[in-house]
Amino acid sequence: MTNTLKERLKRKELTLGSWVTIGHPEVAEILSQSGFDWLLFDMEHAPITVAQLEPMLQVASRTGTLLTRVPANDPVFIKQVLDVGSHGVMVPAVGSKEEAERAVSYSKYPPFGVRGTGARRASGYYTRHTEYLMRANSETIVVVQIETKEGVSNFEQIVTTKGVDAWFVGPNDLAASLGYLGNPDSQVVRDVMKELVMAGNRLDVPGGTIEFRPDRVKVLAEMGYRMIAVGSDDFFLSHASVTTLSELGGIR
């Protein structure tokens, strides 16, 4: 049950992951063989249900940590993805300390939270239920997303909330909230992202973001981001196919 992502972030190591948006086990299995430190199954913007998520988690065991971004900061969503075996949750659009506290509470068992004790697959179908209950609070990782002006304004209160393990910038939503819809490369957005990671490092709370351009990934890593999504299943499929056809452009 040791959460490798959680441990590596505590050691301030750089970790690279991928988004998973296509709801088929083979996609998750292929990505799990690629060497990523973590995978993020997206239930907020991708059409993945809990019923689809479970077999995807089952086949992706080669990857150290399997996270799920829930559709909303909701106890039912969080409970379900953890019960089917997700090692942690990413909670979108956290804008206040109170919202961060709710995300943690929904992810933890009493006395630290309100998660119900029905960890079906996560506990080996109840064969290791007591062991799971005793370790889940310490091993489950809770990542809150900072992607609004409100979240930026309340950043320190949010990320220092007890039980929050990491924070993650959604650049596109942040850009939209700051008035730069469709332009996450705006200098204003980049400056805010730099300010956030500097504050996060000062507070000793690791931060992450999503960036598919290798040169920009290197800049963010040097800046101090420690949890970077460097691609997604649909991006890899599209990028590889376009690149291959481009390289073969003169053959027909």
Side-chain angles (χ1 to χ4, degrees), residues 1-11 13 15 17 20 23 25 28-29 32 36-44 48-92 94 97-145 158-168 204-206 208 227:
M1 282 183 58
T2 300
N3 194 315
T4 56
L5 175 60
K6 195 168 182 177
E7 291 301 312
R8 291 185 64 182
L9 290 177
K10 286 179 181 178
R11 296 195 297 266
E13 296 179 15
T15 67
V20 185
E29 187 174 30
S32 76
F36 290 108
D37 301 310
W38 51 273
L39 296 178
L40 187 287
F41 298 86
D42 189 4
M43 294 178 65
E44 182 191 16
I48 296 176
T49 66
V50 174
Q52 291 172 309
L53 175 67
E54 184 172 29
M56 295 171 74
L57 293 171
Q58 289 171 324
V59 301
S61 58
R62 293 191 186 188
T63 300
T65 298
L66 306 175
L67 298 166
T68 302
R69 179 164 70 172
V70 291
N73 192 358
D74 179 272
V76 174
F77 288 134
I78 292 175
K79 172 174 58 180
Q80 286 183 331
V81 303
L82 294 176
D83 286 351
V84 297
S86 182
H87 301 140
V89 293
M90 182 179 290
V91 181
V94 174
K97 180 178 180 64
E98 292 72 26
E99 291 177 4
E101 289 174 337
R102 288 201 295 273
V104 172
S105 178
Y106 300 155
S107 305
K108 306 292 184 179
Y109 290 122
F112 306 109
V114 297
R115 180 182 171 191
T117 58
R120 186 173 172 271
R121 177 178 175 264
S123 66
Y125 304 99
Y126 302 110
T127 61
R128 300 185 303 276
H129 198 237
T130 298
E131 177 189 358
Y132 179 81
L133 294 180
M134 293 300 101
R135 296 189 60 186
N137 279 358
S138 62
E139 295 297 336
T140 299
I141 185 169
V142 178
V143 183
V144 295
Q145 281 202 266
I158 292 169
V159 303
T160 57
T161 298
K162 184 176 181 180
V164 168
D165 298 295
W167 52 275
F168 197 96
D204 201 27
V205 185
M227 180 184 175

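Counting begins at 1 with the first residue of the sequence.
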Can you find a heavy atom in the side chain of [X] that is under 4.5 Å from one in the side chain of [Y]?
X	Y	answer
Met90	Gln145	yes
Met43	Gln80	no
Lys162	Val104	no
Ile78	Thr68	no
Asp165	Leu9	no

Worksheet item: Which pairs, with at least one residue in residues 99-114 and sequence neighbours excluded, count as a side chain to side chain donor-acceptor pair (under 3.5 Å)?
Response: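 Pairs touching residues 99-114 that pass the test: Tyr109-Arg115.
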
Discussion item. Tell me which pairs pass side chain to side chain donor-acceptor pair (under 3.5 Å) where either residue lies in residues 117-128, with sequence neighbours left out.
Written reply: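 Qualifying pairs, neighbours excluded: Gln58-Tyr125.
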
What are the two closest heavy atoms between [X] and [Y], and how far apart are they?
X	Y	value
Ala60	Ala28	CB-O, 4.1 Å
Val20	Met56	CG1-CE, 3.5 Å
Lys6	Asn137	NZ-O, 4.1 Å
Asp83	Ala119	OD1-CA, 3.5 Å
Ala122	Tyr132	O-CD1, 3.4 Å
Leu53	Val84	CD2-CG2, 4.0 Å

Partners passing side chain to side chain donor-acceptor pair (under 3.5 Å) against [X] (at least two apart in sequence or in another chain):
X	value
Asp37	Arg8
Trp167	none
Thr15	Trp38

Discussion item. Under the rule for side chain to side chain contact (heavy atoms under 4.5 Å, CB included), what residues qualify as partners of Thr130, not counting sequence neighbours?
Written reply: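 Partners of Thr130 under the side chain to side chain contact (heavy atoms under 4.5 Å, CB included) test: Met134.
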
Fill in: For Ala100, all residues meeting side chain to side chain contact (heavy atoms under 4.5 Å, CB included), sequence neighbours excluded
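Ala100: side chain to side chain contact (heavy atoms under 4.5 Å, CB included) contacts with Val94, Ile158, Thr161, Val164.
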
Discussion item. Can you list everything that forms a salt bridge (charged side-chain N to carboxylate O under 4.0 Å, His left out) with Lys79? Sequence neighbours excluded, please.
Written reply: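 Salt bridge (charged side-chain N to carboxylate O under 4.0 Å, His left out) list for Lys79, sorted by chain: empty.
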
Worksheet item: Can you tell me how far the CD1 atom of Ile141 sits from the OG atom of Ser86, to the nearest 0.5 Å?
Response: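 The OG atom of Ser86 is 10.0 Å from CD1 of Ile141, to the nearest 0.5 Å.
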
Discussion item. By the salt bridge (Lys or Arg N to Asp or Glu O under 4.0 Å) test, which pairs, at least two apart or in different chains, include something from residues 63-72?
Written reply: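 Sorted result for residues 63-72: Asp42-Arg69, Glu44-Arg69.
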
